[in-house]
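One structure is given here, and the rest of the page talks about it.
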Amino acid sequence: MTIQLNPFILLDGNAQKAIEFYQETLGAKLLFKQTVGEGPQNPDTPLSEEAKARIAHSVLRVGETDFYVADLEEGQALIPGNGINICITVDNAVEAEQLYHLLKEGGQVDIELAPAYFSPAFGMVTDKFGVAFQVFTKRGQ
């Protein structure tokens, strides 16, 4: 059996902006994207143009990792929390610093980027979409 775990980011109407942000900051490649309006429609319950524009599913790739970004269905409540975050592992402190500073723009610093006993450069930031990231640098690089 093969099991694959992928981070899945759910947002409330701003998934398209998040996709663009991750393309710019992380160099993410967009592999797939479908809006709600591009999917099957129920003629008995027509959707607003705003609802049709929401992202039903997208797949992005950074390095060798795929992750998903989508909008909640209209009317679903977004419940933010920091129990799930994404750990970005890089080879050197220069890369870590670049990513950390890009991700914190418009967001908040949770742990300042600094050397730690387990990493030459480690920090945590919550981006402007409320997604928590750990930025981790491999040792010996």
Side-chain angles (χ1 to χ4, degrees), residues 1-42 44-141:
M1 174 191 305
T2 300
I3 298 175
Q4 183 178 0
L5 301 177
N6 300 90
F8 199 121
I9 300 169
L10 284 171
L11 299 167
D12 191 16
N14 56 357
Q16 179 59 44
K17 288 181 182 175
I19 290 166
E20 293 165 7
F21 178 70
Y22 299 135
Q23 287 176 308
E24 291 171 21
T25 60
L26 303 176
K29 305 268 187 270
L30 181 62
L31 303 179
F32 175 82
K33 181 178 79 171
Q34 183 179 41
T35 65
V36 172
E38 292 170 330
Q41 304 294 304
N42 182 346
D44 296 332
T45 55
L47 297 173
S48 68
E49 290 305 311
E50 185 178 301
K52 287 180 183 180
R54 285 178 173 257
I55 303 301
H57 189 62
S58 71
V59 180
L60 291 96
R61 179 171 290 157
V62 175
E64 303 210 7
T65 302
D66 293 348
F67 67 102
Y68 311 133
V69 178
D71 285 311
L72 293 165
E73 290 183 25
E74 206 170 36
Q76 277 186 301
L78 179 64
I79 303 169
N82 61 2
I84 297 174
N85 60 61
I86 299 172
C87 182
I88 301 173
T89 302
V90 296
D91 289 332
N92 61 64
V94 172
E95 290 175 288
E97 188 172 339
Q98 288 171 343
L99 287 172
Y100 179 85
H101 288 292
L102 288 168
L103 287 167
K104 78 175 188 178
E105 250 183 70
Q108 73 179 37
V109 171
D110 301 317
I111 298 175
E112 287 287 344
L113 186 70
Y117 73 92
F118 53 86
S119 174
F122 173 79
M124 290 183 70
V125 63
T126 301
D127 73 12
K128 62 186 173 185
F129 298 102
V131 178
F133 288 88
Q134 296 182 39
V135 179
F136 174 82
T137 309
K138 294 178 186 176
R139 286 180 144 292
Q141 301 294 328

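All values reported here derive from a predicted model rather than from experimental measurement.
Of all the heavy atoms in Leu113 and Glu97, the pair that sits closest is CD2-CA, 3.4 Å. Closest non-hydrogen pair, Ala15 versus Ala70, comes out as CB-C, 3.8 Å. The minimum heavy-atom distance linking Asp12 with Asp71 is given by the pair C-OD1, 3.9 Å. Counting all heavy atoms, side chain and backbone alike, Lys128 lies closest to Gly106 at CB-O, 3.3 Å.
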Exercise. Check the pair Ile55 / Thr35 against side chain to side chain contact (heavy atoms under 4.5 Å, CB included), numbers first and verdict last.
Key: CA-CA 4 Å; Ile55 303 301; Thr35 65; 4.2 Å; yes

Self-check item: Evaluation steps, side chain to side chain contact (heavy atoms under 4.5 Å, CB included), between Gln16 and Lys33
Solution: CA-CA 9 Å; Gln16 179 59 44; Lys33 181 178 79 171; 2.7 Å; yes

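Atom CZ of Arg54 sits about 9.0 Å away from atom CG of Asn14, to the nearest 0.5 Å. Atom CZ of Phe136 and atom CG of Leu99 lie 14.0 Å apart (nearest 0.5 Å). For the atom pair Thr126 OG1 and Phe133 CZ, the distance stands at 9.5 Å (nearest 0.5 Å). Separating the CG atom in Asp66 from the CG atom in Leu5 is a distance of 12.5 Å, to the nearest 0.5 Å. For the atom pair OH (Tyr68) and CG (Leu31), the distance works out to 9.5 Å, reported to the nearest 0.5 Å.
Under the 3.5 Å distance criterion, the side-chain polar atoms of Ser58 are matched with a main-chain donor or acceptor of Val69.
Residue-environment remark: CD (Glu73) stays at or below the threshold of 12 foreign heavy atoms within 6.0 Å. Counting non-hydrogen atoms of neighbouring residues, nucleotides and ligands closer than 6.0 angstrom, the CD atom of Gln108 exceeds 12 such neighbours.
Of the N and O atoms on the side chains of Gln41 and Lys52, not one donor lies less than 3.5 Å from an acceptor on the other residue.
A heavy-atom distance below 4.5 Å is found between the side chains of Glu95 and Asn92. Inter-residue side-chain proximity for Leu103 and Phe21 is flagged as met; some heavy-atom pair is nearer than 4.5 Å.
A salt bridge does not link Asp110 to Lys104: none of the charged nitrogens lies less than 4.0 Å from a carboxylate oxygen. With salt bridges taken as basic N to acidic carboxylate O contacts below 4.0 Å, none links Lys17 and Glu20.
Results of the side chain to side chain contact (heavy atoms under 4.5 Å, CB included) test with Tyr22 over Asp127, Val62, Leu30, Ile86 single out Asp127 as the only residue that passes.
Evaluation of the ring pair (Phe, Tyr, Trp, His ring centres under 6.0 Å) test over residues 93-120, restricted to residues two or more places apart or in two chains, returns Phe118-Phe122.
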